[in-house]
Amino acid sequence: MEREYDHKSIEDRWMKEWIGGKYWAAPDFPDPAKKRYMLTMYPYPSGDMHVGHVEIFAIHDSIARFVRMQGYEVLNPLGFDAFGLPAENAAIKRGIQPREWTDRNIAIWRASAERFGCSFDWDRMLSTCEPEYYRWNQWLFLRFYERGLAYRKEAAAWWCPKDKTVLANEQVIAGRCELCDTVVVKRYLSQWFFRITDYADRLLDDLALNTGWSERLKTLQRNWIGRSFGAEVDFKLEGIAEPVTVFTTRPDTLWGATFFVLAPEHPLAEELVADTDKESELAEFRKQVEAMTEIDRLSLEHPKHGMFLGKYAMNPVTGEKMPIWVGDYVLMDYGTGAIMAVPAHDQRDLDFARQYGLPVRVVISPEDRQLDPMTMTEAWSHDGVMVNSGDFNGISASESVEAVVAWLEANGLGRRAKNFRLRDWLISRQRYWGTPIPVIHCERCGEVLAPDDQLPVVLPEVVDFKPTGEGSPLATAHDWVNVDCPQCGGRARRDTDTMDTFVDSSWYFHRYLDPHNDHAPFDRAKSDAWMPTDQYTGGIEHAVGHLIYARFFQKVMMDMGMVRDPEPYPNMLNHGVVTMGGKKMSKSRGNIVEASAALDLYGADSLRLYLLFFGPAEQAIDWPEEGVTAIGRVTFPWLQRVWRLCEQVQEAAADAGDGAAETELRRHIHRTIKIVTKDYQGFSFNTAIARLMELVNHAYRYQAEGGGGPMVRELVEALLKMLAPMAPYITEEQWHRLGHETSIHKEMWPEFDPALASEQEVTMVIQVNGKVRDTLSVAPDIAESEMKELALSSDKVRSYLDGGEPSKIIIKPPKLISLVV
RNA sequence: GCGAGAGUGGCGGAAUUGGCAGACGCGCCAGCCUUAGGAGCUGGUGCCCGAAAGGGUGUGGGGGUUCGAGUCCCCCCUCUCGCACCA
């Protein structure tokens, strides 16, 4: 019975069959040789799911289904990143509790993901706002604390005035809050940190283990970690007992250091001017610097400001006096907050020196000219010959770096050193909707850890959970805050900050492997059975946040013996974002296409194919601005063509015969299997679809030329299998309509016969002087001599030879022969 | 400034890695068909000259290597992303 393709009449039925039948359930202990852990970044269940959100599902699920059909045991879980500011802000706006908002959205998201045809194993679903999950955030925090990796310190931290909380470095983008785009300010607060800098070297060096990462992603992480090698040099400061250390990447320029600069907020600055007439001047200077926003300070045109402190340091190699300044171009939180200034060889130092009339001394001379320290305006930061540098004169600067460091070490003036841009991870937030930090502050004992057997420290219900800007909303839950000290039994208070939600996402991929464990975060054997992930898909925007944090957690857990592998995600696919009008889809901007509307109109298969056919998975998609109605035809038109082709062959017998036309079509099927398999392996869905379109075009042409049903049926069965990962519903429906009793998604991926897939005829191109002059159809195994004969006997070719003989003949069998005259 | 990536028809994008540039699709043009639909089918469609056959030209610009360059090398331009007063 023929009928028209209508997604509405088929999708719901198959969705229920797959989910009810637990088609995608994975075992705890797969065959190690056959396991494939396909992970996608778990979503943040904000209110609206738009086509940008489902694009990742289209890509990820197509990969997972393809791998499953290849006979692997696939684990494909999904959970929800449920804690965090956006949910809390949305709840405040609506006057409801964050939990209510979050639970509702999780239900909506799960339903949409199911409708979209995602093959997730829902038995492993997790939600990070459940005590059974965040309990283990707390447990891990305690273990980190015991290892010295969690600590509290008073420090300048980024503060978002709108969200009223501190943020990690990674959440500040160009001086603005990542979430609400408000300009952030610095605040001095006592905050919890994870000592990720202890792992900086391993995080950098182990990037080499992530062989399935793009160069782009690795570069982002390398830049963020920002390791530089150099030396620490000790300077004696007037009136300061201890030597002050600076970090430099250019110890070879030490002889040219003519002044010394401290960051404005450096404590030593205060000490140096204490009881002098500079004291109030420094206070005024600091006020001015603080008044500048971070945006002003980052601006390229920003002129340097400084102030002489009236004291001197001594250059340890020349013995000369160096005036000590504070300068706003020196950062407190990089290196030691103090620098030796070498104006002749560092542009920033030179700018500062020219502005304030400080001495310039050339110690590296370029090969081809003489630098004039009195007039130069461009610092010479390249290699050259050392001059004015005592025993090192005449040596190439780049070659002497090692020798200088050795000399400093031998004389007790300094040592080899390296420095990182990466800062420790600030994890405390002054907000409600997060994991409570399991620490108790006792008047007598100080910081006391919540005992393991008291976990989870359950997030209390707080009616008024709005952030105040003065500490955390949890402080208002008096019954919860006031506790007895676990150590001395005396009066104590719970820590009222909550954890950054990136703590939750740093280990969730292990929890999927043992989601209901109530005596540990997860069982080691279960983790070892599936880890490391075989494929991780997600956006590149997590390059320097989540993807560094999770690697850090993995390494700490490895050091604790909890996991086996040094890296959790050796293979990473960063899909492109979906934009509209060139801008990222967002509700506030009003440029979204809602997933539910698109699913209603197009159906899941069409939406999946539209998204996959747009272009390469890694590339951004710019959805047409007309929105959900942008695409003139609702159904992906080619799916109608596929449907009709299938309908025509339902009754056909399997015996296709082997006439010339049949053999030709069969060859095409096998060539297509070969290419499409490769396309899937390279996540090149757009070209895979193109190849399948060609196959369908061939089938129609074959029919138009009088070809019969049996051969088309053979083609259709292969076509449906190859299309099944990308368009699961229509292929399942037609598979059954062809008379099969079992699911197409449990079929094996089609194999190609190499003999059939190989070309029977190839086009031989004949070039004369590099230009194509004739083409001939020849056998793939044609001999060179025959190619030459054919080429020279071609009329077209001869007309270009002008009766002469080619002076040179290049033959690349079987495709090309090039004649030169 | 440092680092990474990209530049191909009106549009999205292909090109077994040095071998017929523009696959596949959108759009557009012409025709067919009809239970006039958000249809379907057939053909055409880089640009220039030509009625056509055919010829020329063509992958941001300029040079180079090569029988042959979208692909490799050098210089330049433009764009995107990341880091950025990081010592």
Side-chain angles (χ1 to χ4, degrees), chain A residues 4 173-174 214-228 230 246-250 253 257 261 263 297-300 302-305 327-331 333-342 345-349 351-352 381 419-422 540-541 543-544 582 601 609-610 613-616 618-622 624 629 631-638 640-641 644 674-675 678 684 686-697 700-701 704 759 763-775 806-812 815-821:
Chain A
E4 287 295 299
I173 311 292
S214 65
E215 203 48 46
R216 180 179 174 210
L217 177 56
K218 284 190 275 194
T219 304
L220 289 174
Q221 291 211 349
R222 261 186 229 117
N223 285 348
W224 189 259
I225 297 166
R227 180 168 63 191
S228 46
V246 304
F247 174 75
T248 177
T249 53
R250 292 293 302 275
T253 65
V261 190
R297 234 184 132 165
L298 288 174
S299 117
L300 279 177
H302 175 58
K304 294 170 176 51
H305 300 288
D328 63 355
Y329 76 104
V330 176
L331 308 173
D333 60 3
Y334 183 78
T336 59
I339 63 158
M340 64 175 207
V342 186
H345 307 293
D346 182 286
Q347 191 61 45
R348 297 154 300 177
D349 295 343
D351 293 343
F352 195 80
S381 54
N419 219 328
F420 295 93
R421 213 194 68 95
L422 183 72
I540 191 95
E541 70 272 18
V544 297
L601 196 59
L609 287 184
Y610 278 127
F613 193 56
F614 250 107
E618 298 87 343
Q619 206 166 294
I621 290 175
D622 197 38
T629 57
I631 294 156
R633 275 158 296 192
V634 171
T635 301
F636 193 75
W638 177 69
Q640 298 280 17
R641 244 167 112 74
R644 281 197 303 275
K674 185 178 176 183
I675 299 170
K678 214 170 161 195
S684 184
N686 56 330
T687 55
I689 294 166
R691 298 287 90 84
L692 296 179
M693 286 173 167
E694 283 178 318
L695 186 62
V696 170
N697 291 345
Y700 273 100
R701 201 167 305 142
E759 301 285 340
T763 304
M764 180 178 102
V765 173
I766 307 167
Q767 294 181 342
V768 180
N769 288 339
K771 287 192 188 288
V772 179
R773 295 306 181 188
D774 200 4
T775 58
S807 58
K808 191 172 175 187
I809 301 178
I810 297 108
I811 305 180
K812 293 272 167 122
K815 285 196 170 172
L816 188 110
I817 175 162
S818 183
L819 310 176
V820 187
V821 282

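Atoms CD1 (I621(A)) and P (U80(B)) sit 20 Å apart, rounded to a whole Å. Rounding to whole angstrom units, OH of residue Y334(A) and P of C83(B) are separated by 16 Å. Separating the CZ atom of R641(A) from the P atom of G40(B) is a distance of 10 Å, rounded to the nearest angstrom. Taking atom CZ of residue R773(A) and atom C1' of nucleotide G54(B), one finds them 12 Å apart after rounding to whole Å. Between the CG atom of N223(A) and the C1' atom of C2(B) there is a distance of 8 Å, rounded to whole Å.
A cation-pi arrangement, defined by a distance under 6.0 Å to the six-membered ring centre and an angle within 45 degrees of its axis, is present between K304(A) and Y329(A).
In this structure G3(B) sits in a base pair with C81(B), meeting the Watson-Crick or G-U test at under 3.5 Å. For U71(B), there is no paired base (Watson-Crick or G-U wobble, both distances below 3.5 Å). Look at C32(B): its Watson-Crick or wobble partner, with both distances under 3.5 angstrom, is G40(B). Remark: U59(B) base-pairs with no nucleotide; criterion is Watson-Crick or G-U wobble with both hydrogen-bond distances under 3.5 Å. Nucleotide G10(B) forms a Watson-Crick or G-U wobble pair with C26(B), both donor-acceptor distances falling under 3.5 Å.
Residue contacts for K218(A): at a heavy-atom cut-off of 4.0 Å it reaches no nucleic acid atom on any strand shown. Among the atoms of the strands shown, base atoms are found under 4.0 Å from some heavy atom of R421(A).
Close to C41(B), at under 4.0 Å from its OP1 or OP2, lies a side-chain N or O of R644(A).
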| message | Strictly under 4.0 angstrom, non-hydrogen atoms only: write out the protein contact profile of nucleotides 10-21 of chain B, one letter per nucleotide from the 5' end, B, S or -. | response | --SSS-B--BB-

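Proximity note for V330(A) (side chain, C-beta onward) versus A87(B), G40(B), A4(B): the nearest is A87(B).
Every residue two or more places apart in sequence or in another chain was checked for a side chain to side chain donor-acceptor pair (under 3.5 Å) with D333(A), and none qualifies.
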